[in-house]
Amino acid sequence: MRVAQVSFFVDPERRPAERLLEDWHSLADVADGAATAGVDVRVVQAHWRDETIERNGVCYDFVGVGPRQGAITRDARFAAAVARADADVWHVHGLGFAREVLGLRELVPRAPILLQDHADRLPRLWRRGIWRRGAAAANAVSFCAHAQAIPFQRTGLLAPHVRVFEIPESTSRFTPGDRAAARTATGLGGDPCVLWVGHLDVNKDPLSVLTAVSAVAAELPGLKLWCCYGSEPLGAQVRATVANDARLRERVHLLGRVPHARVEELMRAADLFMLGSHREGSGYSVIEALATGLSPVVTDIPSLRMLTGGGAVGGLWSAGQL
């Protein structure tokens with residue numbers, strides 16, 4: 001069987017294809033994961049310029065259609081890429097590309113199309129008509145947890161014939177390792193040693209996690225919290241919260257952005273992984289933590305409930321209520 005994975009999102013930073021495969025690691029992880037199961041995988045990625053890369057038996061066809069969202073499938077180069085892929089099944093990343101999916105359906109009138117949710121929100125009211133038609137052109141939709149499909153079904157955005165599958169957004173190449181060696185390599189410590197990997201934003205809710213750390217400081221005097229993050233819209237509040245609480249100043253370490261490869265070693269060094277997410281498509285960092293054998297203590301939201309087997313692995317808590 002040949003499966004084509006399609007992404008209509010054009011990188012606004014205009015990075016070259018080789019760089020995207022490094023920065024968008026899930027793009028290759030998902031393709032390689034399917035390929036290791038014996039599937040012939042082709043990736044068709046909308047891009048700023050034409051580039052083709054062969055890696056681990058997967059062909060990545062970067063199609064230079066530019067930023068013309070909505071017109072991509074009308075581009076002759078994209079149609080040619082679809083013909084080259086000659087796939088039995090089409091796997092489209094994201095639910096927000098209705099016009100593109102309708103165009104793909106015209107190019108592959110009989111092939112099954114699966115749309116995969118990536119933390120997509122319900123569309124605005126004035127976009128629901130085209131969104132509904134795009135979803136109806138597909139045969140199935142996947143969410144990390146069935147519960148995430150309910151709002152789309154209740155609003156009539158998913159037609160009855162569209163099947164819903166429960167599939168995490170990605171896999172991970174991370175593996176378990178020796179904790180003592182990882183602590184020596186990273187300098188992490190604590191009893192317990194708790195790791196955070198996520199943006200410092202309202203959704204990830206670092207302030208609730210800091211409140212919890214402060215509250216248990218007397219009971220767990222050896223606790224250390226180590227935080228890796230990219231964007232930090234709440235960065236100033238987080239730093240002020242830490243600075244103004246003596247129980248946090250000696251326990252919280254803000255590491256900032258770290259290379260993705262180093263995250264694996266940090267996860268191997270930690271005892272617990274913690275996030276305060278109110279909403280996740282799946283939770284890439286939680287998937288990575290599980291891959292290293294690190295126990296997650298995360299919020300009781302549909303995707304994280306599914307990934308942890310309802311809290312059978314690690315623990316769940318109510319978002320914002322630690």
Side-chain angles (χ1 to χ4, degrees), residues 5-12 20 23-31 33-34 43 45 91-98 100-101 113-124 127 131 134-135 138 140-155 157-158 162-174 196-206 228-231 233 260 263 273-291 296-311 313-314 316-320:
Q5 298 180 5
V6 186
S7 175
F8 294 111
F9 180 75
V10 180
D11 175 34
L20 277 185
D23 292 353
W24 293 358
H25 51 87
S26 63
L27 182 65
D29 289 349
V30 172
V43 175
Q45 171 67 54
H91 172 183
V92 177
H93 289 286
L95 306 184
F97 300 97
E100 292 87 345
V101 171
I113 296 176
L114 167 74
L115 310 182
Q116 182 178 13
D117 170 62
H118 288 295
D120 293 275
R121 295 180 181 274
L122 290 174
R124 302 278 188 172
R127 295 196 67 246
W131 199 104
V141 177
S142 72
F143 295 85
C144 183
H146 279 294
Q148 293 168 297
I150 294 174
F152 294 90
Q153 293 170 325
R154 284 178 176 168
T155 50
L157 291 169
L158 291 180
V162 178
R163 298 181 65 185
V164 175
F165 292 95
E166 195 172 66
I167 306 172
E169 283 182 273
S170 186
T171 182
S172 175
R173 301 174 194 269
F174 287 6
W196 161 292
V197 180
H199 301 301
L200 301 184
D201 60 24
V202 171
N203 179 56
K204 305 291 187 184
D205 201 358
C228 307
Y229 49 89
S231 65
H260 184 247
V263 173
F273 179 83
M274 197 167 190
L275 273 185
S277 301
H278 291 249
R279 182 177 178 272
E280 293 282 359
S282 284
Y284 288 107
S285 60
V286 178
I287 292 171
E288 291 172 340
L290 290 167
V297 180
V298 292
T299 43
D300 189 8
I301 59 177
S303 59
L304 303 187
R305 191 182 313 128
M306 182 270 186
L307 291 176
T308 61
V313 178
L316 299 174
W317 53 278
S318 298

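Residue numbers start at 1 and run along the sequence shown.
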Is the distance between the ring centroids of [Y] and [X] under 6.0 Å?
{"X": "Phe152", "Y": "Phe143", "value": "yes"}
{"X": "Phe9", "Y": "His118", "value": "no"}
{"X": "Trp131", "Y": "Phe97", "value": "no"}

Which pair of non-hydrogen atoms, one from [X] and one from [Y], has the smallest distance, and what is that distance?
{"X": "Gly276", "Y": "Trp196", "value": "N-CZ3, 3.9 Å"}
{"X": "Ser303", "Y": "Gln148", "value": "CB-NE2, 3.8 Å"}
{"X": "Leu304", "Y": "Gly283", "value": "CD2-CA, 4.4 Å"}
{"X": "Leu275", "Y": "Trp317", "value": "O-CZ2, 3.1 Å"}
{"X": "Val164", "Y": "Ala149", "value": "CG1-CB, 3.9 Å"}
{"X": "Pro296", "Y": "Thr308", "value": "CG-CG2, 3.9 Å"}

Atom [atom1] in [X], atom [atom2] in [Y]: separation rounded to 0.5 Å?
{"X": "Ser172", "Y": "His25", "atom1": "OG", "atom2": "NE2", "value": "8.0 Å"}
{"X": "Asp29", "Y": "Thr171", "atom1": "CG", "atom2": "OG1", "value": "6.5 Å"}
{"X": "Asp205", "Y": "Leu200", "atom1": "CG", "atom2": "CG", "value": "11.0 Å"}
{"X": "Gln116", "Y": "Ile167", "atom1": "CD", "atom2": "CD1", "value": "7.0 Å"}
{"X": "Ile113", "Y": "Leu115", "atom1": "CD1", "atom2": "CG", "value": "7.0 Å"}

Using a 4.5 Å cut-off on heavy atoms from C-beta on, say whether the side chain of [Y] contacts that of [X].
{"X": "Gln5", "Y": "Val30", "value": "yes"}
{"X": "Gln45", "Y": "Phe8", "value": "no"}
{"X": "Leu316", "Y": "Arg305", "value": "yes"}
{"X": "Trp24", "Y": "Asp11", "value": "yes"}
{"X": "Ile287", "Y": "Ser282", "value": "yes"}
{"X": "Ser142", "Y": "His91", "value": "no"}

Original post:
Would His199 and Tyr229 satisfy side-chain contact (heavy atoms from CB on, under 4.5 Å), going step by step from the backbone distance to the final call?
Top reply: CA-CA 5 Å; His199 301 301; Tyr229 49 89; 5.6 Å; no
Original post:
Would a distance-only check, ignoring hydrogens and angles, find a side-chain to backbone donor-acceptor pair under 3.5 Å from Ser285 to Val197?
Top reply: yes
Subject >> Side-chain donor/acceptor of Asp300 to backbone N/O of Ser318, under 3.5 Å >> reply: no
**OP:** Report, as yes or no, whether the 6.0 Å neighbourhood of atom CZ on Arg173 holds more than 12 heavy atoms from other residues, nucleotides or ligands.
**Re:** yes
Could you pull out all residues at least two apart from [X] that satisfy salt bridge (charged side-chain N to carboxylate O under 4.0 Å, His left out)?
{"X": "Arg127", "value": "none"}
{"X": "Asp201", "value": "none"}
{"X": "Asp120", "value": "none"}

**OP:** Report yes or no: do Glu280 and Ser277 form a side-chain donor-acceptor pair below 3.5 Å?
**Re:** yes
**OP:** Check the side chains of Gln153 and His146 for a donor-acceptor pair under 3.5 angstrom, ignoring hydrogens and angles.
**Re:** no
**OP:** Run the numbers on Phe273 and Val297 for side-chain contact (heavy atoms from CB on, under 4.5 Å), then give the verdict.
**Re:** CA-CA 6 Å; Phe273 179 83; Val297 180; over 6 Å; no
Original post:
Please walk me through it: do Ser7 and His93 pass side-chain hydrogen bond (donor to acceptor under 3.5 Å, both in side chains)?
Top reply: CA-CA 5 Å; Ser7 175; His93 289 286; over 6 Å; no
